[in-house]
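Reading through the structure tokens given below for one structure.
Values in this document were obtained by computation on a predicted structure and should not be read as measured data. Computation of the quantities below employed the complete heavy-atom set of this structure, encompassing side-chain atoms and omitting hydrogens, waters and symmetry-equivalent molecules.
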Amino acid sequence: MAITASLTQSPLWQQLQQHYQSIRHQHMRDWFAADPQRFQRFHLQAAGLSLDYSKNRITNDTLQLLLQLAQERNLPAQIEGLFRGDVVNRSEQRPALHTALRNFSDRPVLVDGQDIMPEVRATIRRMEEFCWKIRRNQWRGYTNKAFTDVVSIGIGGSFLGPKLASGALKPYWDSRLNIHYLANIDGSHITEILRRLDPATTLFIIQSKSFGTQETLKNALACRHWFLDNGGTEADLAKHFTAVSSNVQKAVEFGIAEDNIFPMWDWVGGRYSLWSAIGLPLALAVGIDNFRELLRGAYEMDEHFRTAPLHQNMPVIMALLGVWYVNFFDVGSHAILPYDHYLRSLPAHLQQLDMESNGKSVTQDGTPVDYDTGPIIWGGVGTNGQHAFHQLLHQGTHFSPCDFIMPMQSHNPIDNFHAMLVSNCLSQSQALLQGKSEAEALQELLDSGMDAEAARQLAPQKVIPGNRPSNTLYFPRSRPATIGALIALYEHKVAAQGMLWGINSFDQWGVELGKQLGNKVLHALEGEPVPANFDGSTQGLIQAYLHMQHEL
Ligand SMILES: O=P(O)(O)OC[C@H]1O[C@H](O)[C@H](O)[C@@H](O)[C@@H]1O
């Protein structure tokens, strides 16, 4: 669905700019005072999740204008096209059909005229059989011992999604398998993992859509050498090495038995691939039934995104709020604050999902944008962040909209721990909203008995501007379906923002240059002549590396 007018030329955009000017100095505190129903008014539920978006710098008029923008940018048609398998990734001429991986309906999904659902379902059945054999010790190592450890070798989308989901579902791990994620090319990473493992009871899964990623192949080869140097033989490799890839040929050439290769497809982007066989480590840890539950939660969110009217559409509302801050408040970052130890990897996954999808500066037809696009995603687990970076959130000159994510029940209820965790989450967003005026700070100091002059001196340091926006996503207790819905929610928020900005959220050409240059630098570090066209800094750093190799 091509978008005609440039985003910023439309009269509606001008209207939004005027509206921003008219409300930018108003304080949310006053809006809450004037509207006791504000929480109910700016609240949504979908797929087991609840969203309180009342602590945002919006009025009803703001919301209506933003919803008009969504209509003007043809969001309903673009959403339908996404699910239908339109070529939404125009630079690579591909659809983006991660939703097909969790399609529980009986609707076919066509790619090049072929229904892909039979192959998707066959792959899940293969995963089920594989997990069954491993978890019930039917598939054993070369000494006939049951597996104790699984090493998932992969990086980017072949690492962050499975790592997040398996951590989020730790309460559901019902196997004695230890899952390790090996991603970095830093020799310390593989060393720290392998040092504790026994090759006889270790299963390796090489996770790589392209089967061409330098770090993954290097680590896979090193694991293979480790296996063969510590008791395994070539004949045993098939028992201990499996792979997930869209490049079966390369996986076979690496030495993976074809029967041990699970397929991936070009119509699934790496950062959207958790729902494919890339989720094998998770399925091994929690069992295929819980993995299916994760898929079902994502499916529920898919159906919501696909069918809910825009004003009740959770991903669309979150996307519009993001556009409101990025393009009208000129805010360049967005904080993800999960108040859940099991969700501590969520910010890292959403960094890739959002920044690799929407860190773009041309539209789908190659026109440079004249507006900002994807924000910098950052964050950390609460309450730890309160003792680290929340200071900036409250008193810094930048402001970063925050998503607080709060399970209202704990998997590990102890005393009143969870009530304390929740109280911290709620009071942080409350403090961001209401702040503290200088008069309030001064009175507080005087009430504490401080003398007037000292209090007058100190009060300005304690002013908190407030009026800083946040969303609170909450749910009872995190179950597999909840986590599936949560991750799918952000997938669709990111896609919806890409649709609004007219950019391609499904390619990632920006990561190519670093890889190309990396190979040339590697040759120089390994003794080949340093290319004369290298900048002075790179040349100097290469020399420093070479020099330091001789220092003890
Ligand atoms: O799964 P692979 O083909 O090994 O790719 C792993 C990662 O490589 C690149 O960094 C891409 O930018 C990521 O989107 C991808 O997830």
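- Side-chain contact annotation: Tyr272 with Ser357, donor-acceptor N/O pair under 3.5 Å present.
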Quiz prompt | Evaluation steps, side chain to side chain contact (heavy atoms under 4.5 Å, CB included), between Phe305 and Thr99 | solution = CA-CA 11 Å; Phe305 181 51; Thr99 50; over 6 Å; no
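- Between the CG atom of Asp354 and the CD1 atom of Ile376 there is a distance of 11.0 Å, given to the nearest 0.5 Å.
- Side-chain polar atoms of His19 and Thr62 form a donor-acceptor pair below 3.5 angstrom.
- At least one side-chain heavy atom of Gln9 sits less than 4.5 Å from a side-chain heavy atom of Asp370.
- Not a single donor-acceptor pair under 3.5 Å links the side chain of Thr472 to the backbone N or O of Phe404.
- Geometrically, Arg468 does not engage Phe399 in a cation-pi contact, judged by NZ or CZ lying under 6.0 Å from the ring centre and within 45° of the ring axis.
- Between the Asn89 side chain and the Pro95 main chain, no donor and acceptor come within less than 3.5 Å of each other.
- In this structure, a donor-acceptor pair under 3.5 Å is absent between the side chains of Thr383 and Gln386.
- Looking at every heavy atom in both residues, Gly498 comes nearest to Ser505 through CA-OG, 3.3 Å.
- Summarising the geometry, atom CG belonging to Leu274 is positioned 11.5 Å from atom CG belonging to Leu280; distances are rounded to the nearest 0.5 Å.
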Could you pull out all donor-acceptor pairs under 3.5 Å where a side-chain atom in residues 316-326 meets a protein atom, sequence neighbours excluded?
| residue | atom | partner | partner atom | Å |
| --- | --- | --- | --- | --- |
| Trp324 | NE1 | Arg57 | O | 2.8 |
| Tyr325 | OH | Asn56 | OD1 | 2.6 |
| Tyr325 | OH | Arg57 | N | 2.9 |

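- Under the 3.5 Å distance criterion, with hydrogens and angles disregarded, no donor-acceptor pair is assigned to the side chains of Asn247 and Ser210.
- Checking side-chain atoms of Glu491 against main-chain N and O of Arg271 turns up no donor-acceptor pair under 3.5 Å.
- A donor-acceptor pair is defined here as one N or O able to donate and one able to accept, closer than 3.5 Å; no such pair exists between the side chain of Thr367 and the backbone of Thr363.
- With hydrogens and angles ignored, the 3.5 Å screen pairs no side-chain donor or acceptor of Arg344 with any backbone N or O of Val381.
- Side-chain atoms of His394 and Gln428 form a donor-acceptor pair, as typed in the model, at a separation below 3.5 Å.
- In the displayed structure, Asp112 atom CG is contacted under 6.0 Å by at most 12 heavy atoms of other residues, nucleotides or ligands.
- Rounding to the nearest 0.5 angstrom, the gap separating the CD atom in Glu300 from the CG atom in Leu489 is 14.0 Å.
- Remark: Gln17 CD is packed, more than 12 non-hydrogen atoms of other residues, nucleotides or ligands lying under 6.0 Å away.
- With Phe506 as the aromatic partner, Arg94 does not meet the cation-pi criteria of under 6.0 angstrom to the ring centre and within 45 degrees of the ring axis.
- Taking the six-membered ring where tryptophan is involved, the planes of Phe329 and Tyr20 are perpendicular, since the angle between them exceeds 60° and thus also 30°.
- When only modelled atom types and interatomic distance are considered, Ser91 and Asp507 share a side-chain donor-acceptor pair under 3.5 Å.
- Among the candidates Ser245, Ser152, Ser158, the single residue satisfying the side chain to side chain donor-acceptor pair (under 3.5 Å) test with Gln207 is Ser152.
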